[in-house]
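As a basis for the values below, the full set of heavy atoms in this structure was taken, side chains included, without hydrogen atoms, waters or symmetry mates.
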Amino acid sequence: MSMRGGGGGGRMGLRSLSRDRKILEHQIKKGTLPRILKFARHYRPALIFFLSVVVLDAIISSVSPLLLREIIDVGIKDGRARLVVGLAIVTAVLAIGDAGLQMIERRISAIIGEGLIYDLRVEVFRHIQEMPIAFFSRTQTGALISRLNNDVVGAQQAFTDLFSNVVGNVILVAIILVVMFILSWPITLVALVLVPVFLVPARTVGRRLGTLFQRGMELNAEMNMVMSERFNVAGAMLVKLFGRPNEESENFDDRARQVRDIGIHQATYQRFFIISLSLTASLATAFAYGFGGVEAVHGVLLVGTVVALTSYLARLYGPLTQLSSLNIDYMSAMVSFERLFEVLDLEPMIKESPNPTTIPPGPAELRFNHVEFSYPSAEDVSLASLEAVARLDDTPRTTVLHDVSFVVKPGTMTALVGPSGAGKTTISMLVSRLYDVDGGSVTINGVDLRNASTASLNATVGVVTQDAHLFHDTLRANLVFAKPDATDDEIAKALASAQIFDLVASLPLGLSTVVGERGYRLSGGEKQRVALARLLLKAPHLVVLDEATAHLDAESEAAVQRALEETMSQRTSLVIAHRLSTIRNANQILVVDGGRIVERGTHKELHAQSGLYRDLYETQFRGQED
């Protein structure tokens, strides 16, 4: 019959009791429950039907022992074979009906639960996609993934289980106790007296299990982190280059051993819980048979009544255990939802204007007008729980750009030079609106980027960094990421312009070649040229290059430079200069130091002065003349 009692209830009760009881001390934020109910409003009809099935299943589950009683006390005792067969058939039909209801209950529960998971994951993922780059620079990737996996699943399980357990178990326990009191109040009272005998040690075991489960999750997370860092290409290469595979194996062996040991402890305590539940039920059954048997011998009770009572006892302890931990289940659900709402409530700093302006198409003119900028504080962009710290860094914000003003005319190239940390990359990131300025404005074709539509900004600006990222996918998938509807001719033209068409054509699988994680199956120069081809496929009017050739060998650099000339031809470009050829070809050079533009002009003009540019030229660029 129904698994709502007996062993099924034991497993459910174990999960509730094993949760850390410190969760009860957590203060739930006001408005969390209404938000949950609002989130679940789409499933109101399914929930009503689900609860109706649960109630019907509980009623059917409580009827069978009474049928057994009638079979024994009336059918068998009076020799009424037809009644015995008829009641047996009814019992079988109820068993089939009960199984069918459980299947329906599971199906509806899955529809609600998986639907809730889908809704939560999509909403959280969409919200995270809207967060600024500063959010990702501070947040642990694993913590974000945990919110989308563990917390979402935890919220779903607690949500559906809470509904079914509360309604189903309350009805089942109420029916069982009423019927048992009617059949024999002394046996019922003894059965209830035995409940604390089981629950008191069970709660002690539950607290210990909660600690073990929490520690087990921490150890598993640490072990998974080691695997994640060592199994990616960069981590594996570092281990091999520094010759530490044995030490790494020993380190992993130690972590895996701790996971194994705590798993053994968990299994032992779990088995103790289940055995305790079974033992309590067996003791109650033994008493029922002993006391009830004596009563039956003396004619006080009928044999069928004794059998019915023992059957009800087997169904009583599981639901009672679950109901005793109802507060923990409720708080677990609230905490899981609260952790998800915590992410959803984190407002993105970079938002599209309610009435966005489209950047006019065509050649782009870039203007910085008295720009002031400081990087946002941790409190503005992140959560302590996502950084795996007790509290966020409270270091005060410091201004990194001071009164920066310049104009890049359509079709011209402006180079940014300066010492490391001067603010060059910060300027380049403001162009694509990875950050918003604190003062002044950045405009393209007269449109302030804070008012520009995201679509038009993305279409206008293209960026290539010195470490271009490629997804673990095919070359084609990485290229059409910039233009999903690109034709084969457009892809071929972009590859040719990026000086990499011949290489792609020589590959056995061509554009279907998988580039590997972060593009590690390609050389540095090849990866940069693929990134440039992707940029050309996008065809932006304004190109930002952040030292795109900084780490390439001479041959790769020469190929990329030819691709860059094609990329920047007839386009407005802002380039963080790393090569002498770049600054010589620039229409304008901006020398950045301490977040300020301290010099500006052409290479010839600046070299003629005795300033910072000349010093940089002597130390960084003169050696490239040969």
Side-chain angles (χ1 to χ4, degrees), residues 122-141 143-144 147-148 340-360 364 366-387 392-393 395-402 404 408 423-465 467-469 481-482 535 538 540-546 574 576 595:
V122 168
E123 184 163 345
V124 174
F125 184 87
R126 183 181 293 116
H127 185 74
I128 290 174
Q129 289 288 296
E130 296 174 355
M131 300 306 292
I133 198 67
F135 171 81
F136 297 99
S137 68
R138 302 190 65 95
T139 301
Q140 282 191 328
T141 304
L144 277 177
R147 295 291 169 103
L148 283 167
L340 293 170
F341 293 151
E342 184 182 35
V343 176
L344 293 173
D345 289 340
L346 187 62
E347 289 291 329
M349 291 186 64
I350 310 296
K351 293 182 179 180
E352 186 174 73
S353 171
N355 298 301
T357 302
T358 300
I359 297 175
L366 172 68
R367 285 182 178 270
F368 272 58
N369 303 304
H370 304 287
V371 168
E372 300 281 337
F373 175 77
S374 58
Y375 283 100
S377 64
E379 185 179 1
D380 293 330
V381 297
S382 186
L383 297 169
S385 58
L386 292 177
E387 294 188 30
L392 290 170
D393 181 13
T395 303
R397 297 176 65 178
T398 56
T399 303
V400 295
L401 292 182
H402 308 268
V404 173
V408 183
K424 305 185 297 295
T425 298
T426 301
I427 291 174
S428 71
M429 288 192 291
L430 293 178
V431 178
S432 51
R433 207 193 171 197
L434 295 178
Y435 295 92
D436 273 341
V437 299
D438 296 326
S441 65
V442 178
T443 65
I444 297 177
N445 289 344
V447 178
D448 191 319
L449 297 191
R450 289 168 293 190
N451 300 323
S453 68
T454 303
S456 66
L457 178 60
N458 289 339
T460 303
V461 180
V463 181
V464 176
T465 63
D467 185 22
H469 184 83
F481 188 76
L535 181 72
K538 179 180 179 181
H541 294 290
L542 174 59
V543 177
V544 179
L545 301 176
D546 185 356
L574 182 68
I576 295 180

Partners passing side chain to side chain contact (heavy atoms under 4.5 Å, CB included) against [X] (at least two apart in sequence or in another chain):
X: Ala364; value: Ile444, Asn445, Thr460, His541, Leu542, Thr572
X: Thr454; value: Glu352, Asn458
X: Ser428; value: Thr425, Val544, Asp546, Ile576

Tell me which donor-acceptor pairs under 3.5 Å the side chains of residues 124-134 have, and how far apart each pair is, sequence neighbours excluded?
{"unit_1": "His127", "atom_1": "NE2", "unit_2": "Val343", "atom_2": "O", "d": "3.2"}
{"unit_1": "His127", "atom_1": "NE2", "unit_2": "Leu344", "atom_2": "O", "d": "3.3"}
{"unit_1": "His127", "atom_1": "NE2", "unit_2": "Leu346", "atom_2": "O", "d": "2.7"}

With Glu372, which residues qualify under salt bridge (charged side-chain N to carboxylate O under 4.0 Å, His left out), at least two apart? none

Check: Tyr375/Thr426 side-chain N/O donor and acceptor closer than 3.5 Å: yes

So CZ of Phe368 and CG of Leu401: to nearest 0.5 Å the spacing works out to 7.5 Å

If I take atom OG1 from residue Thr357 and atom CG from residue Leu449, how far apart are they, to the nearest 0.5 angstrom? 11.0 Å

State which residues pass side-chain hydrogen bond (donor to acceptor under 3.5 Å, both in side chains) with [X]; sequence neighbours excluded, sorted by chain then number.
X: Asp438; answer: Ser374, Arg397
X: Thr399; answer: none
X: Ser453; answer: Ser456

Step by step, work out the side-chain contact (heavy atoms from CB on, under 4.5 Å) result for Ile359 and Val461. CA-CA 11 Å; Ile359 297 175; Val461 180; over 6 Å; no

Residues in ring pair (Phe, Tyr, Trp, His ring centres under 6.0 Å) with Phe481, at least two apart? Phe471

Any Val442 side-chain heavy atom under 4.5 Å of Asp436 side chain: no

Validation row: Val404, Phe373 side chains within 4.5 angstrom (heavy atoms): no

On a heavy-atom basis, which atom in Pro540 and which in Gly462 lie closest, and how many Å separate them? CB-N, 3.5 Å

Could you note down all residue pairs passing salt bridge (Lys or Arg N to Asp or Glu O under 4.0 Å) where residues 439-449 supplies at least one of them, sequence neighbours left out? Asp448-Arg450

